[in-house]
Amino acid sequence: MNNQTIIEIKDVVKIYKRGEEEVHAVDGIGLEIKKGEFLSVVGPSGSGKTTLLNIIGCVDNPTQGTVKINGQDVTTVKEARLTKIRRDAIGFVFQQFFLIPTLTALENVQLPGLFAKNINRVKQAEELLNLVGLNKRIHHRPAHLSGGEMQRVAIARSLINSPSVLLADEPTGNLDSKNAEMIFKIFDELNKNGLTVIVVTHNMELAKNCRKVILLEDGKIKNA
Amino acid sequence: MKFYQFALMNLMRSKSRTMLTTLSVAVATATLFVVFSLDRGYQSAVSEELVKNTGIHMFVTREGCPIEASSVIAQGGVSPLYIPEDFAARVKDVPYVKEVMPFKIYAITTPDGLRTDIFFGVTDAIQRIRPDWNLKGAWFKDENSVILGAEIARIEMLKPGDKTYIEHFDKEFEVTGVLEQNFTQDDGFFFLPLATAQRLIKREGKLSAIALHLENLNHLDDVKITLEGLLPEDYFAVTAKALGEGVLKFFGSTRAMMFMMILIALIVCTLGIANTMLMTTVERRKEFAYLKCVGAGFLDISRLIFLETLIISLIGTALGLIISIFLIPGFEHFIRGALVVYVPAAKIVRPGVDIAILSSAIVILVGIFAALYPAVKSAKIAPMEAIRNE
């Protein structure tokens with residue numbers, strides 16, 4: 001980890017409307033994440049973990065406040081620019097693996113590279129699948145992979161465009177404890193190689209594997 | 001993996017739906033291809049049979065209706081009206097008329113009912129009128145002579161000097177000549193001396209019509225006016241061009257129905273593609289959202305939908321064209337029986353590469369148009385929305 005701030009969040013508020021009621025999913029959060037951090041965000045359901053992650057990942061806009069990624073304020077830029085930031089700077093891993101059923105593991109991993117017009121995507125995808133221990137499963141389709149294997153494919157896929165930060169939303173939510181530990185081990189390895197990793201989880205035991213844990217409650221940071 | 005491979009893989013997810021949509025595209029293409037082929041083929045056939053390659057600029061006929069006149073003049077249609085043979089001498093001296101060919105034409109169905117032979121009673125003027133009449137053998141020797149069109153000679157395996165028995169007339173003829181193939185109606189004709197043709201059907205001294213070849217087409221109107229002054233009121237001087245146009249005018253209603261068929265086929269095709277792509281949008285909503293999370297932009301998603309449509313359209317049009325090739329002979333047979341207007345003897349469904357390209361282009365453009373709304377709808381899916389719905 002070095003001192004370079006990769007993500008800077010200031011006074012971020014996210015308000016949803018549920019009928020007449022206003023829900024403060026994120027309520028005045030400020031946070032600085034340095035390059036190379038391994039951070040977990042924990043908290044009960046509805047505490048705003050996923051909302052915060054989505055705001056950091058540029059897939060949701062805050063109602064108030066600013067979010068800077070690599071020094072650029074992403075709350076004021078247009079959708080085309082956000083697309084580029086999501087493509088080049090951020091890797092996403094979700095609880096639902098979102099693998100394309102008709103594509104092999106290798107093809108699924110290449111997919112973000114296709115949008116980024118990455119000409120080395122095939123070679124990189126092979127290397128990444130090797131990195132997550134799936135070098136013998138590269139031509140298998142999702143239907144022939146276990147849950148843990150599918151999530152490892154999803155991790156490999158999130159890394160194809162060499163992002164600055166990896167965002168994982170409940171990545172072990174659909175996995176047994178053995179596979180969950182394996183996923184965190186991969187995150188740990190990636191982090192040791194310099195990647196910034198932010199994981200949202202409700203599993204406190206796994207969260208303890210991270211270098212830093214943030215507890216959210218009612219949209220506010222309780223401790224860091 | 002390339003973009004088009006990704007699109008192709010997406011289509012493989014719902015094979016039956018993709019196949020049905022492809023079939024709807026194929027049906028639309030086949031309809032367009034066959035109808036365009038008929039439209040062009042019919043117009044060309046009418047023009048060739050009545051106007052081009054005949055050497056005839058004008059007809060004197062008793063039939064006022066272009067359909068009836070065409071049937072009597074070109075196909076040996078039966079009519080109680082006739083022109084007395086001596087009228088030929090009366091029109092011969094009209095200024096600018098170069099050749100006059102009185103003729104008697106009639107059609108006889110063979111005893112097995114499978115073929116209709118057309119007998120054309122002519123004078124030697126036909127040799128001077130027809131632009132590409134190349135006779136192998138000789139002109140009629142006597143009243144028992146026959147000259148055969150190239151196709152008839154080939155089917156009957158006859159050559160100059162052979163004898164041929166025509167059962168309908170219980171009479172044997174000597175083949176004095178065979179025409180070289182010129183890809184006109186002449187290829188299928190039996191040419192007889194005029195007097196023989198008249199006698200065989202007991203119409204001595206009676207003509208189907210008189211064909212005129214003019215010195216110069218600039219005088220067509222002059223000749224027509226002179227003839228109208230010369231002939232009785234119930235006789236008509238009709239230019240070959242006007243005759244063709246008259247027939248095509250009657251074909252107009254059939255044409256309108258055909259183009260209505262095309263419109264329906266295209267609407268079905270459009271709805272089929274739009275439905276498939278909209279289903280895709282609904283079913284793959286979360287997936288598109290994820291793709292946007294990992295950097296797919298508006299153009300990437302819309303391009304994907306358009307590519308999927310293009311693949312369906314290309315396969316569908318190819319399939320449609322292949323189906324059409326097999327359907328065309330049957331369609332030609334069917335349409336000949338169904339057409340209430342004049343039906344030329346030559347092929348009336350004439351496919352071509354240009355028609356194939358035009359039909360495919362129209363269907364592909366319609367497909368892309370149909371995909372427009374689903375593509376925009378898919379590309380506008382907000383990544384957050386779909387993920388939140390989880």
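Residue numbers start from 1 in every chain, and the chains themselves are labelled A, B, ... in the order their sequence lines are given, proteins ahead of strands. All of these numbers come straight from a predicted model, not from anything done at the bench.
The shortest distance between side-chain heavy atoms of A:Phe94 and B:Lys286 does not fall below 4.5 Å. Here the side chains of B:Arg13 and A:Ile100 are in contact, with some heavy-atom distance below 4.5 Å.
The number of heavy atoms from other shown groups lying within 6.0 Å of CE (B:Met261) is above 12. With a 6.0 Å radius and a threshold of 12 heavy atoms from other residues, nucleotides or ligands, B:Phe259 has its CZ atom above the threshold. Around the CG atom of A:Asp176, the shell of radius 6.0 Å holds more than 12 heavy atoms that belong to other residues, nucleotides or ligands. For B:Phe369, the CZ atom is loosely surrounded, since the number of other residues' heavy atoms within 6.0 Å does not exceed 12.
Interface residue A:Leu103: only side-chain heavy atoms are found under 4.5 Å from chain B.
Ranked by heavy-atom pairs under 4.5 Å with chain B, the list A:Asp88, A:Asn61, A:Leu111 is led by A:Leu111. Chain B forms more heavy-atom pairs under 4.5 Å with one residue of A:Ala125, A:Pro101, A:Gly57, A:Cys58 than with any other, namely A:Pro101.
Of all the heavy atoms in B:Met384 and A:Asp60, the pair that sits closest is CG-CG, 3.5 Å. The two residues B:Gly295 and A:Phe115 have their closest heavy-atom pair at O-CB, 3.9 Å. Residues A:Thr102 and B:Met9 share a closest heavy-atom pair of OG1-O, 3.3 Å. Across all their heavy atoms, A:Gln110 and B:Met1 have their closest contact at OE1-N, 2.8 Å.
Distance check: A:Phe98 CZ to B:Cys293 SG gives 7.5 Å after rounding to the nearest 0.5 Å. In this structure, A:Glu79 CD and B:Lys380 NZ are separated by 12.0 Å, a value rounded to the nearest 0.5 Å.
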